[in-house]
Structure formats: C-alpha cells, structure tokens
There are 2 protein chains.
Amino acid sequence: MEKKIFNKFLKERGQRVTKERAVILQKTFSYHGHFDPESLYLRIRETGLKASRASVYRTLNLLCECGLIERVTKTERGTLYEHTFGHGHHDHMLCIGCGSIIEFYSEDLERLQDNLCRKQDFKGVTHTLEIRGYCKRCQKNKK
Amino acid sequence: MEKKIFNKFLKERGQRVTKERAVILQKTFSYHGHFDPESLYLRIRETGLKASRASVYRTLNLLCECGLIERVTKTERGTLYEHTFGHGHHDHMLCIGCGSIIEFYSEDLERLQDNLCRKQDFKGVTHTLEIRGYCKRCQKNKK
DNA sequence: TTGAAATTGAGAATCAATCTCAAATATGGA
DNA sequence: TCCATATTTGAGATTGATTCTCAATTTCAA
Ligand SMILES: [Mn+2]
Ligand SMILES: [Mn+2]
Ligand SMILES: [Zn+2]
Ligand SMILES: [Zn+2]
C-alpha cells in the first residue's frame, strides 16, 4: 500500500522506481516506533540488502515530502523519524529525565491549531508539538 | 535585571561570573527577535568586545538552563534562539515558502496542553509548537 | 533494444557544535 | 591586598550528522 503511494509520488515527479528506494521504504515501515537514519542503514545491511547511506538520507527526504513519514524531532544526536501512514498523526511528550517518549493525540488540539492558523491567514501543512518535562516514574524518583 | 537572574543562577551552581558571560548575556538581550550563535558571536566582535565561539555556545546553553532564553527551532542551518525574559512565551508558524516566522500566543492552547499532560501524569516544563505551512503572501504567489 | 536522463555509492566536503588543555581569571579566605 | 585553587577561557582540533561529487550503473519510454 505505502509502496503504491510512493511509486505514484515518484512517477508524478518524473523520478524513478529503483531497487534501493524499494528496500529503504520497506525497512522504514519495518519500524513500529521512532528510528534514525543510521540504524535504518544498519538494519538494511544486516538483512543482506543493499543501499548506501547517501541513498538512505536521500530517500528519507523523499518519503517526508511524500507524506509517508515525518521528522519527529531534531536532537543534538541527529534526526528521529516515524512513519505516519497507517499510524495516525500524533504529538509527543519527551521526558527530560529518562528520554522516554509518550505519544498522544487530541482532536481539540488539532481543531484549536486550525483556528489559530485561520486567524493569521496562515495555511498550516504540518506541525510538531513537543512537550518536554518529567514522566510519571521520573517524578517519583526525584522525591 | 536579567543580569541579576543570571548571576544568581551561576552562584547557586558554584559557577563564576566572568566578563565573557556578561558580554554574551548583554548582546543576547540586544536582539529583539530570533538569532543564531554565529551572528551573536559576530555582533560581539563588531562592538570590539571579546568572547570566543566556544564561550558563546557554552553560555547560550547556560542561559537556556537558566530559563532566560529558549531554543526556537533547530534547522539544517543551525539553532535559533530568542530571549523569553521580558517577552512572554509564544509559539511559531514557519512559512515553508519564504522562511518568515509568525509568533502567536493562545491561552486556550496553553490550558489545553496542561490538561493533556495531566491526563498522562506528565509534568510539563517547556514545549515547542511549530506549525509549518504557507504565509498569506506565499499563498497568493502560488496562484 | 536503445539512449537520454536519473540514480547510485564511496568517499570527500561541509558545518554546527563540542572538546582539549595550557594559560588566564574569579573568588573566598588569610 | 595577596594567595591558593577551582573554574573558565580560547585557538584550534575533533566529532558527527548530513550533503555533495562524479564516474559508473540503472531505469524506462519509445
Ligand atoms: Mn511518534
Ligand atoms: Mn519567537
Ligand atoms: Zn522519565
Ligand atoms: Zn511565506
């Protein structure tokens, strides 16, 4: 399914459907959570498949443009991605203490953002809401 | 005022109040909008003052920890900062077309986030909401 | 099957940010 | 004021994620 979408996207832009892009797409969707480009690259090599780092980065950018995946966050240790196709859109709470990530979704929040955009004559396309703080466990440990 | 706060922060951590830190703090607050470390560094040199790049980066991190400034966004071309002390908290809309940034604040949005955190037993400390899309002007130009 | 155009990959390049460590400095006490 | 010492500074090196280069390979419409 995601393969159909990606290939269609490529065709429309006069770009080509290659083995490497197929491999990268497939392995991207083998992740159920967040992942970074380097570990995706290693996962590809582990399975005996082939695609270079350069192609991994290039293809991740294409997959973002195409809307199948999203950048979750850009930390000092690189970028985290996740696929959005199949998973609904959601936002993240990041624990400063232990690094754990809570995913959440709120219809109210989405609606409110739409209203705010309208108020500014801004046409929202995507957004990232990242709430940093302390998860339940880390709050306890502090005491 | 911000100087008082910063010095108190340093003292509490057993860190020292140095000329370089004072210069960097002062020039940081000479910006009324967003800025990046390199241009802050250049602005310092232009005025004949001195502080190395290393100290600029180190001090910006301290100022973040201390809460006087915040990271606005981490782009491919580096990190943008702004001071929060004196300015109220706000979030950003980023135009994909022209790079312009709209600042906005919504009491409803803040309240809603608090509720969402409570629901997850998460203790929110800071957050970043970045809405990417097209500003008024870029919407027109597209047609 | 062909050929123009797109893509790939190994390694080089880029560049923000951090690190190194000897020299300089801040600070609390004598 | 002077001292002892822990902290900070800065020039340049280093790191590390990401992008770039470009010759060789591959795609795909005709
Ligand atoms: Mn997620
Ligand atoms: Mn701002
Ligand atoms: Zn935690
Ligand atoms: Zn614009």
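Letters A, B, ... are given to chains in the order of the sequence lines, protein chains preceding strands, and every chain is numbered from 1. All figures in this text were calculated on a predicted structure; none of them were measured in a lab.
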Return the 5'-most residue of the pair R77(A), K50(B) with respect to DNA chain D, ranking by each residue's nearest nucleotide.
K50(B)
Looking at Y31(A), does the NZ or CZ of R43(A) lie under 6.0 angstrom from its six-membered ring centre and within 45 degrees of the ring axis?
yes
Write down the distance between CG (L62(A)) and C1' (dA6(C)), rounded to a whole number of angstrom.
12 Å
Within the pair S52(A) and dA10(C), is there a side-chain N or O less than 4.0 Å away from OP1 or OP2?
no
List for me each residue that meets side chain to side chain donor-acceptor pair (under 3.5 Å) alongside K3(B), sequence neighbours excluded, and say none if there are none.
none
Do any of residues 6-28 of chain A sit with a heavy atom less than 4.0 Å from DNA chain D, and if so which?
R16(A), V17(A), K19(A)
Got a sec, which pairs hit salt bridge (Lys or Arg N to Asp or Glu O under 4.0 Å) with one end in residues 94-108 of chain B, sequence neighbours left out?
D108(B)-R111(B)
Could I get the full list of side chain to side chain donor-acceptor pair (under 3.5 Å) partners for Q15(A), not counting sequence neighbours?
R13(A)
Give me the other members of the hydrophobic cluster that M93(B) sits in, counting Ile, Leu, Val, Met, Phe, Trp and Tyr linked by side-chain heavy atoms under 4.5 Å, directly or via other members.
M93(A), I102(A), F104(A), L109(A), L112(A), L116(A), F122(A), L129(A), I131(A), I102(B), F104(B), L109(B), L112(B), L116(B), F122(B), L129(B), I131(B)
Can you pull the ring pair (Phe, Tyr, Trp, His ring centres under 6.0 Å) pairs that have at least one residue in residues 10-30 of chain A, sequence neighbours excluded?
F29(A)-H83(A)
Selection residues 67-76 of chain A - residue pairs positive for salt bridge (Lys or Arg N to Asp or Glu O under 4.0 Å), sequence neighbours left out
K74(A)-E76(B), E76(A)-K74(B)
With sequence neighbours left out, write down each residue that passes side chain to side chain donor-acceptor pair (under 3.5 Å) with D121(B), or none if nothing qualifies.
K136(A)
Please report how far the helix from dT1(C)-dA30(D) to dA30(C)-dT1(D) bends, comparing the axis fitted to its first five pairs with the axis fitted to its last five, to the nearest 10 degrees.
40°
Please write out which residues are connected to V125(A) in a hydrophobic cluster, directly or through intermediates, given that two of Ile, Leu, Val, Met, Phe, Trp, Tyr count as joined at side-chain heavy-atom separations below 4.5 angstrom.
I96(B), Y134(B)
Can you pull out every salt bridge (Lys or Arg N to Asp or Glu O under 4.0 Å) where at least one residue sits in residues 44-55 of chain A? Sequence neighbours excluded, please.
E20(A)-K50(A), E38(A)-R53(A)
What is the separation between atom OH on Y41(B) and atom P on dG12(D), rounded to the nearest whole Å?
10 Å
Short heteroatom pairs, N/O only, protein and nucleotides 18-21 of chain D, under 3.5 Å:
| from | atom 1 | to | atom 2 | distance (Å) |
| --- | --- | --- | --- | --- |
| dT18(D) | OP1 | T79(A) | N | 3.2 |
| dT18(D) | OP1 | T79(A) | OG1 | 2.6 |
| dT18(D) | OP2 | Y57(A) | OH | 2.8 |

